[in-house]
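Take a look at the structure below.
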Amino acid sequence: MTGRLVIVGAGQAGFALAAKLRGLGDSRPITIVGAEENLPYQRPPLTKKYLLGEMAFDRLLFRPEHWYTDNNVEIRVSTWVEQIDRAAKQIVMQDGSRLDYETLALATGSTPRRLPPSVGGALEGVYLARDKRDADLLAGEMRPGRRVLIIGGGYIGLEAAAVARHRGLEVTLIEMGDRILQRVAAKETADIFRAIHQKHDVVIREKTGLKQLIGRNDHVTAAELSDGSTIDVDFVVVGIGVAPNDRLAKEAGLEVGNGIVVDSFARTSDPTIFAMGDCVELPWEGGRIRLESVQNAVDQAEAAAGIIAGGEKAYDPKPWFWSDQYDVKLQIAGFNLGYDETLLRPGLREGAASVWYFKQSRFIAVDAINDAKAYVTGKKLLETGANPSREILADPTADLKQLLA
Ligand SMILES: Cc1cc2nc3c(=O)[nH]c(=O)nc-3n(C[C@H](O)[C@H](O)[C@H](O)COP(=O)(O)OP(=O)(O)OC[C@H]3O[C@@H](n4cnc5c(N)ncnc54)[C@H](O)[C@@H]3O)c2cc1C
């Protein structure tokens with residue numbers, strides 16, 4: 001048995017690392033230290049079924065409490081790690097207590113960007129959507145007839161809009177950029193989702209930013225928008241992106257860029273410290289990227305577990321992602337970074353479609369909207385590195401199976 005592995009961050013990646021190590025038969029002492037009061041849980045339902053009230057919190061937990069004792073994984077919840085003392089090989093908690101490590105893993109995730117107090121970000125009734133606490137507060141506000149302003153047309157904002165409409169609220173969503181989903185998806189995908197939300201009576205205002213929130217008795221009551229208009233609101237959801245939690249690493253002198261810099265083995269610039277999940281910047285096709293997804297957190301943690309347990313297999317990201325809005329399931333395979341061409345394939349069923357991304361004529365990603373076949377086909381093509389025929393893709397009656405032949 002080797003010395004203690006300490007994992008900072010009891011989220012998707014932190015849990016996956018511990019679980020995979022035990023799955024590999026590794027019996028070293030493991031301690032997971034996490035700031036939240038809950039056992040590790042999955043975040044995606046927080047803006048989907050959990051917020052809708054269709055999923056109990058217990059079902060979000062990766063494992064029940066006894067799993068940690070059964071597997072000799074010590075878990076310290078409600079514990080904030082303040083510092084890494086690399087010379088002493090210890091982490092320092094907020095209360096000053098210390099914990100020795102032989103190997104350290106940073107799985108600290110990311111923090112949602114907040115609205116600055118100067119534009120009303122500190123008013124009551126302004127919410128984020130990152131953790132269970134946020135979701136519980138939001139759920140309490142979601143009552144029929146109330147007016148919500150959602151700031152940000154990314155997946156978090158759109159999912160919150162769908163839940164709010166489902167619960168009978170009046171929803172306005174503003175997006176400062178030219179269109180919704182600008183950072184993450186092509187115009188074709190954005191057009192489809194805009195139409196879906198408009199069909200559900202969400203007011204989507206693109207190229208519209210927030211000037212400031214207006215409050216009465218410290219509670220938000222209205223929003224002044226960049227086009228000079230003012231709308232009355234009962235509460236606000238802010239979904240304007242996240243920043244990596246890399247402060248611990250930075251202060252400990254580790255290399256940090258847009259996140260903690262790691263190699264393909266999830267190693268930081270200190271070989272005894274690993275990092276994974278939302279908080280890292282990792283190698284990708286000769287450059288570096290930061291990914292915010294369950295797939296990345298889990299696969300990277302599992303690859304790191306292999307290395308920590310003595311293996312040599314590098315992490316080779318195979319990105320996939322999903323989003324649920326109303327009865328629409330979006331599934332994404334691949335990563336569309338740097339795409340220069342797209343192809344829209346209408347689906348045979350009503351409401352089904354897929355958007356195929358190419359970079360220098362090479363197929364790199366697909367957004368499949370209510371079209372599981374397009375998703376599975378795209379994923380397989382990416383695994384084999386094959387380039388699909390544009391003719392077949394463009395013909396909605398053609399069987400996608402042909403692309404795999
Ligand atoms: C509402 C929501 C919906 C999402 N939907 C999807 C989806 O549909 N599909 C998808 O693929 N991804 C989705 N994601 C993204 C996905 O959940 C994240 O990419 C994933 O959770 C990242 O895992 P992680 O372990 O890196 O970070 P997290 O799961 O965020 O865990 C990090 C943990 O570290 C703790 N921590 C940070 N600093 C410290 C410290 N100093 N001391 C102690 N603890 C600390 C944090 O409190 C947190 O609990 C969603 C995220 C959110 C918030």
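Atoms within each ligand, like the ligands themselves, are counted from 1 in listed order. None of these values were measured; they are calculated from a predicted model.
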Do the non-hydrogen side-chain atoms of Leu138 and Leu46 ever get within less than 4.5 Å of each other?
no
Evaluate Thr47 for polar contact with ligand 1, using N/O atom pairs at a separation under 3.5 Å.
no
With a 4.0 Å cut-off on heavy atoms, is Lys48 in contact with ligand 1?
yes
Enumerated ligand 1 atoms positioned under 4.0 Å from heavy atoms of Leu248
41 (N)
Taking 4.0 angstrom as the limit and counting only heavy atoms of Gly277, give me the atoms of ligand 1 inside it, by number and element.
26 (O)
Among all the protein's non-hydrogen atoms, which is closest to atom 36 (N) of ligand 1, and how far away is it?
Thr108 O, 4.0 Å
Answer yes or no: is there a donor N or O on one side and an acceptor on the other, between the side chain of Arg98 and the main chain of Met93, under 3.5 Å?
no
Considering the options Gln12, Arg130, Lys48, which one meets the side-chain contact (heavy atoms from CB on, under 4.5 Å) requirement together with Arg43?
Arg130
Going through the checks in order, is the side-chain contact (heavy atoms from CB on, under 4.5 Å) test met by Met176 and Thr208?
CA-CA 5 Å; Met176 192 169 77; Thr208 307; over 6 Å; no
May I ask you to list the atoms of ligand 1 that are less than 4.0 angstrom from any heavy atom of Gly11?
25 (O), 29 (O), 31 (O)
Is there side-chain contact between Tyr101 and Arg86, with at least one heavy-atom pair below 4.5 Å?
yes
Here the atoms of ligand 1 under 4.0 Å from any heavy atom belonging to Glu36 are 47 (O), 48 (C), 49 (O)
Which residue and non-hydrogen atom of the protein lie closest to atom 27 (O) of ligand 1, and at what distance in Å?
Gly109 CA, 3.3 Å
Assess whether a salt bridge exists between Arg179 and Glu175, defined as any Lys/Arg side-chain N lying under 4.0 Å from an Asp/Glu carboxylate O.
no
Do Asp263 and Arg267 meet the salt-bridge criterion of a basic N to acidic O distance under 4.0 Å?
yes
Walk me through it: do Lys329 and Asp371 pass the test side-chain contact (heavy atoms from CB on, under 4.5 Å)?
CA-CA 8 Å; Lys329 184 163 215 60; Asp371 194 339; over 6 Å; no
With side-chain contact (heavy atoms from CB on, under 4.5 Å) as the criterion, how do Asp316 and Lys318 come out once you've worked through the C-alpha distance, each side chain's angles and the decisive distance to 0.1 Å?
CA-CA 6 Å; Asp316 177 16; Lys318 297 270 184 278; 2.8 Å; yes
Test applied, side chain to side chain donor-acceptor pair (under 3.5 Å); reference residue, Glu341; option that passes from Gln360, Arg390, Arg362
Arg390
Are any of the N/O atoms in Ser110 less than 3.5 Å from those in ligand 1?
no
What do we get for Pro44 next to ligand 1 when only non-hydrogen atoms under 4.0 Å count, side chain, backbone, both or neither?
both
Using heavy atoms and a 4.0 Å limit, tell me yes or no: is Leu291 in contact with ligand 1?
no
Backbone or side chain, does any N or O of Val8 fall under 3.5 Å from an N or O of ligand 1?
no
Which residue and non-hydrogen atom of the protein lie closest to atom 23 (O) of ligand 1, and at what distance in Å?
Gln12 CB, 3.3 Å
Ligand 1 to Ala297 polar contact by distance, N or O atoms, under 3.5 Å
no
For atom 10 (C) of ligand 1, which protein heavy atom lies nearest, and how many Å away is it?
Phe321 CE1, 3.2 Å
side-chain contact (heavy atoms from CB on, under 4.5 Å) between Gln325 and His197, intermediate numbers included
CA-CA 9 Å; Gln325 296 162 44; His197 280 274; 2.8 Å; yes
Ring-plane angle category for Phe321 and Tyr155, please: parallel below 30°, perpendicular beyond 60°, tilted otherwise.
tilted
Is there a polar contact between ligand 1 and Gln295, counting only N or O atoms under 3.5 Å apart?
no
So the atoms of ligand 1 within less than 4.0 Å of a heavy atom of Ala129 turn out to be 1 (C), 53 (C)
I want to know if ligand 1 touches Trp320 in the polar sense, i.e. an N/O pair below 3.5 angstrom.
no
Going by the angle between their ring planes, with limits at 30° and 60°, are Phe335 and Trp284 parallel, tilted or perpendicular?
perpendicular
Decide whether an N or O pair under 3.5 Å exists between Ala35 and ligand 1.
yes
Nearest candidate to atom 33 (C) of ligand 1, where distance is taken over non-hydrogen atoms, out of Gly14, Ala275, Ala107:
Ala107
Over 12 foreign heavy atoms within 6.0 Å of NE2, His166
no
Checking a contact table here: which protein heavy atom is nearest atom 42 (N) of ligand 1, and how many Å away?
Val81 N, 2.9 Å
Pull out every atom of ligand 1 sitting under 4.0 Å from any heavy atom of Glu292, numbered as shown with elements.
19 (O)
Please state which protein non-hydrogen atom is closest to atom 24 (P) of ligand 1 and give its distance, to 0.1 Å?
Ala13 N, 3.9 Å
Could you check atom 2 (C) of ligand 1 against the protein and tell me its nearest heavy-atom contact, residue, atom and distance included?
Ile156 CD1, 3.3 Å
Out of Gln331, Arg130, Gln300, Arg247, who gets a non-hydrogen atom closest to atom 30 (O) of ligand 1?
Arg130
Without swapping roles, check the side chain of Glu206 against the backbone of Ile180 for a donor-acceptor pair under 3.5 Å.
yes
Taking only heavy atoms of Ser293 into account, list the atoms of ligand 1 that are under 4.0 Å away from them.
11 (O), 12 (N), 19 (O)
For Glu159 and ligand 1, does the shortest N/O to N/O distance drop below 3.5 Å?
no
Backbone N or O of Lys132 within a donor-acceptor pair of the Tyr41 side chain at under 3.5 Å?
yes
Using a plain distance cutoff, I'd like to know if Asn245 has any nitrogen or oxygen under 3.5 Å from a nitrogen or oxygen of ligand 1.
no
Where on Trp322 is there a heavy atom closer than 4.0 Å to ligand 1, on the side chain, on the backbone, on both, or on neither?
both
Could you check atom 19 (O) of ligand 1 against the protein and tell me its nearest heavy-atom contact, residue, atom and distance included?
Asp278 OD1, 2.7 Å
Is the closest side-chain heavy-atom distance between Ser226 and Leu210 below 4.5 Å?
no
